[in-house]
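Computed from heavy atoms alone, side chains included, the values below leave out hydrogens, waters and symmetry copies. Ligands are counted one by one from 1 in listed order, and the atoms in each one are counted from 1 as well.
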Amino acid sequence: MLPTSLTLRQAGPADWPAIQALLQTLGLPTAGAQHHLATFVLALSGEELLGCAGAEVYGRHALLRSVAVAPAWQGRGLGRRLLQVLLQQARAREIASLHLLTQGASGYFTRLGFAVAPRSSAPAGLQASAEFRGACPADAVFMSLALQAPAPAMADDLPVAVLGAGPVGLAAAAQLLERGLPFVLLEAGDSVGRNLLDYGHVRLFSPWRYNIDASMARRLSASGWTAPPEDELPLAAEVVERVLRPFAALPELARALKLGARVSALSREGMDKVKSAGRERAPFVLRYQQDGREHELRARAVLDATGTWNQPNPLGANGLPARGEAEAAAQIHYGIPDIAGAQRARYAGRRTLVVGAGHSAANALLDLAALAREAPGTRLAWALRSSALHKAFGGGAADALPARGALGSALQQLSQEGGLEVLSGLRIEAVQREADGRLTVSGRDEQGQALSLAGFDQIICATGQRPDLSLGRELRLRLDPWLESTEALGPLIDPNLHSCGTVRPHGHRELAHPEPGFYTLGVKSYGRAPTFLMATGFEQARSVVAALAGDLEAADRLELALPETGVCSLGGSASAPAAPASPAAAGCCPTPASAPAPAACATACQPATPARSACCG
Ligand SMILES: CC(=O)SCCNC(=O)CCNC(=O)[C@H](O)C(C)(C)COP(=O)(O)OP(=O)(O)OC[C@H]1O[C@@H](n2cnc3c(N)ncnc32)[C@H](O)[C@@H]1OP(=O)(O)O
């Protein structure tokens with residue numbers, strides 16, 4: 001018998017402690033559940049929580065979870081009543097199908113109409129849920145229940161839209177060609193590889209064989225192309241000249257490529273972000289500017305490989321532009337200027353402050369030091385937010401990419417020889433242009449003491465990049481709260497947690513969003529994390545395109561091991577600042593397909609995985 005005082009109602013924030021306690025008593029996972037508290041239906045007798053059931057909604061699909069009845073009240077129809085309410089609500093919200101993962105209750109849900117299904121059949125949004133990402137053990141049974149007839153598929157003849165014709169966007173195009181899927185490739189710049197050309201003078205620290213996507217190479221080879229010597233280190237511009245441009249010139253690619261086409265907004269036809277019903281069969285709508293006019297096109301899926309290069313982080317240590325930064329813009333270069341070439345005059349005989357702790361800063365400092373040997377009066381200073389210089393110096397000989405290790409070692413040597421003024425632990429707050437035209441930088445040291453450094457002619461800001469999130473404003477995206485990476489990647493790449501090159505292989509599942517058919521690829525998928533390597537992007541493109549083609553077997557077969565940097569840390573304090581990204585680390589340095597991890601790193605740097613529970617639901 002159920003108590004006469006039984007009430008069923010929707011949960012509110014104050015109910016979470018009691019729900020959590022019930023789930024823990026029954027051995028059900030709690031990870032991620034609180035985010036979906038608003039969907040929870042509760043059964044109460046007075047203040048006492050007798051049972052609960054919740055759902056995570058992903059577009060027109062939902063993941064049933066946390067179906068729990070207190071042991072003393074089981075077997076009296078309470079579970080069934082809770083589920084009836086949830087099902088009613090799901091139908092009212094036009095949810096097309098309900099799914100669940102369970103270890104011990106599949107028999108229970110079979111009686112309610114659920115059927116066991118392969119995990120791979122789960123809608124894309126569900127793949128990004130905490131339960132799919134690890135809160136439920138791999139042996140949990142996946143079950144589904146259709147609430148409405150399946151939506152008709154979107155017209156197959158619509159193209160896949162690839163945004164950005166950098167190495168990863170072009171790799172996606174190569175995969176789409178191999179799969180025979182129609183596509184359109186939109187590039188804002190006037191050339192493929194536009195961002196690489198911006199630092200075209202920089203020599204990459206990974207040799208050719210890691211800079212070329214395999215599917216691109218296959219297609220190029222068929223047209224008589226000769227691969228560059230695989231052990232040489234190319235300049236960034238050479239990657240464009242010798243690989244990307246020849247590939248883009250192939251007729252089958254050239255037909256699909258729109259240069260000078262800047263995408264400004266994405267949405268779904270007839271749907272704003274709020275509308276759920278019919279969403280997944282509504283084509284994407286892309287708005288873009290080309291030749292001074294606004295255009296729109298429709299697509300069945302969108303792969304955003306636009307990178308982050310055009311969104312540099314500012315000088316301000318708090319992530320905001322330093323006060324006065326905009327006014328001083330004419331004397332600040334963001335990225336890696338061509339100090340030995342086109343921009344020599346800007347730095348020769350001048351005093352320059354380089355801000356940042358990544359490979360871009362190292363490259364700029366070494367170029368300035370070389371210039372100082374030729375041009376009298378050239379002086380250089382280096383400001384970095386952290387005082388942990390060893391991180392900026394990298395792993396040296398322990399780095400699996402020797403050129404990357406050598407870059408840090410050369411910087412260390414330069415600082416030891418007194419070739420540069422080092423200002424570590426400096427948190428920049430303001431930049432001021434003085435009457436003599438020089439810049440004064442002020443901020444605080446790690447103890448909070450005010451600091452002011454005057455007399456800089458130029459500043460090179462190499463503090464990394466961040467993604468432009470405005471494109472996805474009308475799409476349903478799930479991002480890591482601080483990295484702004486795809487949410488599932490956050491724990492794997494968070495520089496607060498670890499600094500190794502080790503990232504668990506990942507593909508279409510980790511890259512999926514609640515918006516079916518939308519994926520972010522390449523460095524943008526890592527958001528603000530500085531550890532992206534180009535080979536990661538090639539593998540992402542391969543997996544996502546295989547998934548779009550319906551080849552889940554290939555999409556799930558992920559093969560990628562990243563080389564260690566030689567500087568490993570795990571569980572770094574939250575106050576430890578992240579090393580800023582650099583193009584050398586972020587956009588242009590592919591990695592060996594499988595590089596052995598140095599012994600020192602092999603155990604210390606296991607990628608973080610979400611907390612696991614013995615049970616599931
Ligand atoms: C998506 C998910 O949340 S999966 C996680 C499911 N939850 C759990 O495993 C937690 C522990 N179990 C419970 O909290 C409860 O037993 C629930 C939620 C599974 C069922 O709730 P109850 O209120 O006990 O069930 P209800 O009274 O509606 O139905 C009882 C019937 O289901 C059967 N049943 C209950 N649990 C199970 C089970 N794990 N497997 C198969 N049958 C079951 C009972 O034997 C009973 O059968 P009968 O009608 O032939 O006597």
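If you number the atoms of ligand 1 from 1 as listed, the ones under 4.0 Å from a heavy atom of Thr102 come out as 4 (S). Short contacts between ligand 1 and Gly104, defined as distances under 4.0 Å to a heavy atom of the residue, involve ligand atoms 38 (C), 39 (N), 40 (N). Atoms of ligand 1 found under 4.0 Å from any heavy atom of Gly75 (numbered from 1 in listed order, with element): 22 (P), 23 (O), 24 (O), 27 (O). Per-residue contacts place Leu26 under 4.0 angstrom from the following atoms of ligand 1 (heavy atoms of the residue considered): 14 (O). Each of the atoms 14 (O) of ligand 1 lies under 4.0 Å from some heavy atom of Ala68. Counting the atoms of ligand 1 from 1 in the order shown, those under 4.0 Å from a heavy atom of Arg80 are 28 (O). The Leu100 neighbourhood of ligand 1 comprises atoms 1 (C), with distances under 4.0 Å to a heavy atom of that residue. For ligand 1, the atoms closer than 4.0 angstrom to any heavy atom of Gly77 are 26 (P), 27 (O), 28 (O).
Cation-pi contact between Arg119 and Phe132: present, with separation from the ring centre below 6.0 Å and deviation from the ring axis of at most 45°.
For ligand 1, none of its N or O atoms has an N or O atom of Leu101 under 3.5 Å away. Between Arg76 and ligand 1, an N or O atom pair is found at a separation short of 3.5 Å.
Ala33 and Trp16 make their closest contact through CB-CH2, 3.8 Å (heavy atoms, listed as atom of the first residue, atom of the second, distance).
The closest non-hydrogen atom to atom 3 (O) of ligand 1, taken over Leu98, Val141, Val67, comes from Val67. Considering only non-hydrogen atoms, atom 31 (C) of ligand 1 lies nearest to Arg111 out of Gln103, Arg111, Arg81. For atom 14 (O) of ligand 1, the candidate residues are Leu64, Val69, Thr25; the nearest heavy-atom contact is made by Val69.
Here Glu515 pairs with Arg279 in a salt bridge; the nearest charged N to carboxylate O distance falls below 4.0 Å.
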Residues Ser543, His508; criterion side-chain hydrogen bond (donor to acceptor under 3.5 Å, both in side chains); working and verdict
CA-CA 6 Å; Ser543 170; His508 71 111; 4.7 Å; no
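Checking each of His61, Glu56, Arg60 against Tyr58 for a side-chain hydrogen bond (donor to acceptor under 3.5 Å, both in side chains) leaves exactly one that passes, namely Glu56.
Neither the backbone nor the side chain of Ala53 comes within 4.0 Å of ligand 1, counting heavy atoms alone.
Aromatic rings of Phe142 and Phe114 (six-membered ring for Trp) have centroids beyond the 6.0 Å cut-off, not under it.
For the pair Leu86 and Leu64, the minimum side-chain heavy-atom distance is below 4.5 Å. Under the 4.5 Å side-chain criterion, counting only non-hydrogen atoms from C-beta, Leu49 is not in contact with Asp15. The shortest distance between side-chain heavy atoms of Asp551 and Arg179 falls below 4.5 Å.
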